[in-house]
Amino acid sequence: MANVLNAPFIRSFVKTTSNMYRLGWDERNGGNISYLLKEEEVAEYLDLNGVIRTIPLGFDAKALAGKYFLVTGTGKYFKNVEEDPETNAGIFRIAANGLDAELLWGYKDGGKFTSELPAHLMSHIARLKADPENRVVLHSHPTYTLAMNFVHELDEKKFTHTLWEMCTECIVVFPDGVGILPWMLCGTNSIGEATAKKMEEFRLVVWGMHGIYGSGKTLDETFGLVETVEKAAQIYMLTAHLPRLNTIKDSEMKELAEFFGVNYRKDFLNL
Ligand code: 2HA
Ligand code: ZN
């Protein structure tokens, strides 16, 4: 059987965690990623009957029973995934009862999946209903997005509108806008349920004064979504205290969305 460390899904996972770390978005153990794998791609590298351990999930994920996930480990640092993926991440299947993770690879030091697994799996359930091709959920603490949380109203329309105004391509990249949750205790089923509810409508969800969740079909696409929000937030934070002489007008954003044929949140523009 081929070495799983050479699998494209591990290579792209490692590359993503390293990029996020180097961008300063995932200090210490900040951030987590879950990647829904296809059974046939896992079977190329791992014995599907070789369950190493069974780990209780702590919530009901029956809607995902039999599905395979590659997920960062709890307490683990994005910085270290590249040099030792097998300790810092794991691959598991959701058991038929929907209540356990059946570990097939990883968490080598006896560890387990991220404490934010409820938010991840509940978001996967919500996103798969909106888009059957959705495979990635990622959480991060991007610097400027977080800074913006402290100085900008945490209102979905106003926050999205400000981001859209900051980069010409924003309305095309995330026409569905950004959902926002108020500050909440993290690592709980409650924040997981609240995140998943927002994910029914948005691929991006800000956790007030904490960070952001993004979802998408591939790691690149999902990373790119968060990267685009972060770039817009950076422009905002670099200019918010200066007199604004120019802006991208709502009529221009509409023109962009129509030219690129994206289904944008019309109620987030003031036309
Ligand atoms: O896993 O970012 O929200 C570390 C975190 C918790
Ligand atoms: Zn976090």
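In this text the structure is predicted, and so the values were computed from the model without any measurement. Residue numbers start at 1 and run along the sequence shown. Both counts, for ligands and for their atoms, begin at 1 and track the order of listing.
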May I ask you to check whether [Y] and [X] place their ring centres under 6.0 Å from each other?
X	Y	answer
Tyr45	Phe9	yes
His161	Phe268	no
Phe223	Trp25	yes
Phe69	His120	no

Short side-chain donor-acceptor distance under 3.5 Å, Asn270 and Lys157: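 Side-chain D/A pair, Lys157 to Asn270: present.
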Thr54 and Glu102: side chain donor to acceptor below 3.5 Å: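 Note: Thr54 and Glu102 side chains miss the donor-acceptor criterion.
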N, O or S atoms of the protein lying under 2.8 Å from the Zn ion (ligand 2):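 Those protein N, O or S atoms (cut-off: under 2.8 Å from the Zn ion (ligand 2)) are His139 NE2, His141 NE2, His210 NE2.
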Anything under 3.5 Å between an N or O on ligand 1 and a protein N or O? List each pair with its distance, or write none.
unit_1: ligand 1; atom_1: 1 (O); unit_2: Asn29; atom_2: O; d: 3.4
unit_1: ligand 1; atom_1: 1 (O); unit_2: Asn32; atom_2: ND2; d: 2.9
unit_1: ligand 1; atom_1: 2 (O); unit_2: Gly31; atom_2: N; d: 2.9
unit_1: ligand 1; atom_1: 2 (O); unit_2: His139; atom_2: NE2; d: 3.3
unit_1: ligand 1; atom_1: 2 (O); unit_2: His141; atom_2: NE2; d: 3.0
unit_1: ligand 1; atom_1: 3 (O); unit_2: Glu116; atom_2: OE2; d: 2.7
unit_1: ligand 1; atom_1: 3 (O); unit_2: His139; atom_2: NE2; d: 3.2
unit_1: ligand 1; atom_1: 3 (O); unit_2: His210; atom_2: NE2; d: 3.0

With sequence neighbours excluded, residues passing side-chain contact (heavy atoms from CB on, under 4.5 Å) with Ala89: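 Residues passing side-chain contact (heavy atoms from CB on, under 4.5 Å) with Ala89: Phe13, Leu70.
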Where at least one partner belongs to residues 57-70, residue pairs that pass side-chain hydrogen bond (donor to acceptor under 3.5 Å, both in side chains), sequence neighbours excluded: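 Matches after skipping sequence neighbours: Glu39-Tyr68, Tyr68-Arg93.
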Asn88 (side chain) donor-acceptor with Lys76 (main chain) under 3.5 angstrom: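 Answer holds: no.
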